[in-house]
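We count residues from 1, following the sequence as given.
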Amino acid sequence: MRIRRLEIKNFRQFYGECKLEFLSDDKSRITVIHGENGSGKTSLLNAFKWVLYGKTDFDTGEETILNELALSESSPDGLVELRLCLEFDHKESKYTVSRKQEFKRIGESLKANPIGGSVADLSWINHKGEYKTVKNAANHINQSILPEQMHSYFFFNGERIEKLANVSAAGEIRDAIKTLMGLEIISRASDHLKRLVIRDLRSEAKETASDEYRGLLERQERIDTEIRKHQEDKGTATESNRGFENEIKTIEARLSEIQEARILTERRSNLQSEKERLKEELETLNKNRLERISQSGALAFLLKPSKHVQDMLEECRKKGELPYKLRQTFIDDLLDSAKCICGTELPENSEARSTLKIYRNDATEENLESACIDVVSDLRAMPRERNKLYEQLKRWSVEETESNSRLRAITEELDQISSKLGSSEIESVEKLEACRRNYKESLIGERTKIKKAEEAIEAANKNRSELYKEIEKVRAKSEAEKRAKQELEFAEECKNLVDNIHEALAEDTRCRLSMKVNDTFQNILRKDFYAEIDDDYTLKIFKDIPEVGKQPVLEKSTGENQVVSLSFIASLVSLTKERNRENASFLKGGVYPLVMDSPFGALDREYREKVAQHIPDLADQVIIFASNSQWSKEVDNKCRPFIGKEYSLVYHAPKSEGREVNTDYVILTDGPEFTKIKEGYLGH
């Protein structure tokens, strides 16, 4: 199956007539459809399902598949047509499948009722150029193209693919292998032999048998009926057991989320306390800095003036002007004693006393000398104080930068915590624990039923074996009995042979698929892990532990789950293609595309790049729906060489949604929402 063209008219967000064309060759095998959330990527994925099977995966079912804008433009009680047309190649034939649905508007409201059921038309031109149609399109699509229960493996969203790695998906994986590989044909053959052929031959054998032989055959029939009933009981209990296990896992995951929420709440409280402390420290730092600058800030500007004053004082010192050679107090003491240090008398009105008084006027006062000394000392200390000021300011600046950086980190983490806490409702732990206890009790009950059914089947099989020995003793007393016996034995041998073939083919397919899954998984992951599909058809990841050996990886990341699930689907596509080339009698296979909605949504940057690198090798045709946040630079670089077609979904959003400005991908409108398809990539 290779998709060529999709035409859309009034389906969900897509107003009027829109179309998408797809290329698929060795070089251009990827088509990318870009669009923001709400623009219609998931609607396009559902468009494939609706046109092929008349169903969708929307929560509202098919009630809201009609475009609101087209409905609003119709007259009250008027008719509006919704139509999809898909063109694709399959096994050397060119197919066209179209489906339409008419709706009648309810008065002037934006509601409409469908008129009858949707109508599907299927036609194709085979390799001989012959044009053909069928009356029952759904039957032909299911039997000859792609069974409905298998479409979700080739048209899938990011959430579903991750769930394939859960234990509860083992049944889905087993059914997928059997259905797509044609093994269900062999299974039906075994069931047909058991329920119809062998039953009829036993009836015939009873008619020609003796009373004793007839009684033994009737006992054998009753035992077989009993075994079938116990097998059905076991199957029902097994399904219920799987369901309860899934519910318990869901509850345990929810309890884990609640515990995480509590941890996040405690973390938020600690971060808020740290944030307040940092703010107080910054406030104190700024206050201290302002005080220091007000006290010593002038030092930043006094380097040259202080040097100039120092030079002036030094010049005065050299000239003997500051400080002076003699002090006034020394001369005053000489004048009071009226005698010089040389012994000369200093009487009043003498020339010597007058000369000394002249020296006294030129001498330095003690206060001036002290001030001069202080000034010189301060001037010498000024460069050191200036450096201390700068060093202190630098330390404060570093502390401020570190504190602001930590504040930004705290704010970002608080925003992330608020987002996580805001997106989840905290349920009652007691209520969840009560539900888990109830499910565990139910689980024990179902497992008890399974055990009892297995014991009953084992006992019945033992009785059947003993009965078979008795039958052998009384069989074939006449030609008719002999012939009936031979036919019955042959039918039973045929059934055993078919069962053995089925078991061998199923095991061979599982092993081949498991090897392919591991090869793809290791190529993408490039870790010391390996993947396989075990005997219970469960996708598992293992690693080798020194001195221990092979051990399952129990704590798998979201990325690892998604990679192993994607590996399974890619391997399924590859194996069906191989089976198709082999042209085997039973294992029909086929060539199928991969249509992926948001395949990178749950992946971090590393896994996103690794998956993107291998997307071109996953299938002959890959169609990707991605938002701009998912379509990162590393994804674009890996996929760009293989892109044949590229489209952008331009979403016309109601202004009531709170958006403020138009972008390349979102345009505000006063009416109902709708989306237009533009060819090319508009970029981020």
Side-chain angles (χ1 to χ4, degrees), residues 1-24 29-62 64-70 82-88 96-101 118 120 146 148 151-161 592-601 615 619 621-631 639 643-653 665-666 673-682:
M1 183 180 187
R2 190 163 296 186
I3 299 171
R4 296 299 184 188
R5 182 184 181 94
L6 176 64
E7 294 180 357
I8 307 169
K9 180 181 179 183
N10 297 332
F11 182 78
R12 291 282 287 189
Q13 291 97 321
F14 298 95
Y15 166 70
E17 296 185 355
C18 308
K19 66 179 180 180
L20 294 163
E21 293 184 350
F22 305 90
L23 294 179
S24 178
R29 62 182 60 181
I30 298 178
T31 299
V32 185
I33 300 171
H34 305 273
E36 294 300 333
N37 293 335
S39 62
K41 300 188 298 295
T42 303
S43 294
L44 282 177
L45 186 70
N46 273 275
F48 290 106
K49 182 172 183 178
W50 192 78
V51 72
L52 289 170
Y53 310 107
K55 299 178 182 178
T56 64
D57 293 328
F58 299 122
D59 294 336
T60 54
E62 281 70 64
T64 58
I65 62 174
L66 179 64
N67 180 263
E68 282 191 359
L69 181 57
L82 182 156
R83 185 175 183 274
L84 293 179
C85 181
L86 180 66
E87 297 178 8
F88 60 92
T96 300
V97 57
S98 63
R99 186 180 295 273
K100 68 178 181 178
Q101 175 73 65
S118 62
L146 180 62
E148 181 182 345
H151 89 281
S152 57
Y153 291 95
F154 306 102
F155 300 83
F156 63 84
N157 57 41
E159 180 182 356
R160 171 177 169 76
I161 185 178
Y592 298 96
L594 278 184
V595 183
M596 305 184 288
D597 180 16
S598 303
F600 310 108
I615 276 182
Q621 182 180 32
V622 181
I623 300 172
I624 302 173
F625 304 114
S627 64
N628 284 329
S629 60
Q630 296 168 0
W631 194 257
C639 295
I643 295 176
K645 281 285 187 178
E646 203 164 11
Y647 296 92
S648 294
L649 305 181
V650 181
Y651 176 46
H652 293 66
Y665 286 91
V666 180
E673 66 173 1
F674 67 94
T675 295
K676 286 292 186 181
I677 300 175
K678 285 189 176 182
E679 187 166 355
Y681 178 33
L682 302 181

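Arg29 places none of its side-chain heavy atoms less than 4.5 Å from the side chain of Gln621. With a 4.5 Å cut-off on side-chain heavy atoms, Ile677 and Leu20 count as touching. You'll find the side chain of Thr675 stays beyond 4.5 Å of the side chain of His652, heavy atoms only. Under the 4.5 Å side-chain criterion, counting only non-hydrogen atoms from C-beta, Leu594 is in contact with Phe154. Side-chain contact between Val650 and Leu682: present, with at least one pair of heavy atoms (C-beta onward) separated by less than 4.5 Å. With a 4.5 Å cut-off on side-chain heavy atoms, Leu6 and Phe88 do not count as touching. Between Val51 and Cys85 the shortest side-chain heavy-atom distance does not fall below 4.5 Å. Residues Phe155 and Leu146 are in side-chain contact: their nearest non-hydrogen atoms beyond the backbone lie under 4.5 Å apart.
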Practice task
Please test Leu52 against Leu86 for side chain to side chain contact (heavy atoms under 4.5 Å, CB included), starting from the C-alpha separation and ending with a verdict.
Solution key: CA-CA 8 Å; Leu52 289 170; Leu86 180 66; 4.1 Å; yes
Practice task
Please lay out, stage by stage, how Phe11 and Leu44 fare under the test side chain to side chain contact (heavy atoms under 4.5 Å, CB included).
Solution key: CA-CA 9 Å; Phe11 182 78; Leu44 282 177; over 6 Å; no
Practice task
Kindly indicate, with the supporting measurements, whether the criterion side chain to side chain contact (heavy atoms under 4.5 Å, CB included) is fulfilled by Val32 and Trp631.
Solution key: CA-CA 10 Å; Val32 185; Trp631 194 257; 3.6 Å; yes
Practice task
List the steps and the verdict of side chain to side chain contact (heavy atoms under 4.5 Å, CB included) for Ile33 and Ile624.
Solution key: CA-CA 6 Å; Ile33 300 171; Ile624 302 173; over 6 Å; no
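Separating the CD atom in Glu68 from the CZ atom in Arg12 is a distance of 9.5 Å, to the nearest 0.5 Å. Taking CD1 of Ile65 as the start and OG of Ser118 as the end, the distance is 7.5 Å to the nearest 0.5 Å. The structure places CD of Glu21 at 8.5 Å from CD of Glu87, a figure rounded to the nearest 0.5 Å. Considering SG of Cys18 and CD1 of Ile8, their distance stands at 6.0 Å, rounded to 0.5 Å. Within the model, atoms CD of Gln13 and NZ of Lys676 stand 13.5 Å from one another, a figure rounded to the nearest 0.5 Å. To the nearest 0.5 Å, the span separating OH on Tyr681 from CD on Glu646 amounts to 7.5 Å.
Using a 4.0 Å cut-off between a side-chain N of Lys or Arg and a carboxylate O of Asp or Glu, Lys55 and Glu148 qualify as a salt bridge. Salt bridge status for Lys19 with Glu17: absent, with no side-chain N to carboxylate O gap under 4.0 Å. Salt bridge Glu679/Lys645: present, at least one basic N to carboxylate O contact under 4.0 Å.
Nearest heavy-atom pair across Gln630 and Phe625 is OE1-O, 4.4 Å. In plain terms, the two heavy atoms of Asp597 and Thr42 that are nearest each other are OD2-OG1, 2.8 Å. Leu649 and Gly40 make their closest contact through CD1-C, 4.0 Å (heavy atoms, listed as atom of the first residue, atom of the second, distance). Nearest heavy-atom pair, Ser39 versus Phe14, reported as atom, atom and distance to 0.1 Å: O-CZ, 4.3 Å. The minimum heavy-atom distance linking Ile3 with Pro593 is given by the pair CD1-CG, 4.1 Å. The shortest heavy-atom contact between Ala619 and Tyr592 is CB-O, 4.2 Å.
Heavy-atom contacts from other residues, nucleotides or ligands closer than 6.0 Å to NZ of Lys100 number 12 or fewer.
When each of Lys9, Arg4, Arg5 is tested with Glu7 by the rule salt bridge (charged side-chain N to carboxylate O under 4.0 Å, His left out), just one qualifies, namely Arg5.
In terms of the ring pair (Phe, Tyr, Trp, His ring centres under 6.0 Å) criterion, residue partners of Tyr15 (sequence neighbours excluded) are, by chain and number, Phe674. In terms of the salt bridge (charged side-chain N to carboxylate O under 4.0 Å, His left out) criterion, Arg99 has no residue partners (sequence neighbours excluded).
Side-chain N or O atoms of Lys41 include none that pairs as donor or acceptor with a backbone N or O of Ser627 at under 3.5 Å. Proximity of a side-chain donor or acceptor of Ser648 to a complementary backbone N or O of Gly680 within less than 3.5 Å is detected.
Tyr651 and Glu673 share a side-chain donor-acceptor pair at under 3.5 Å.
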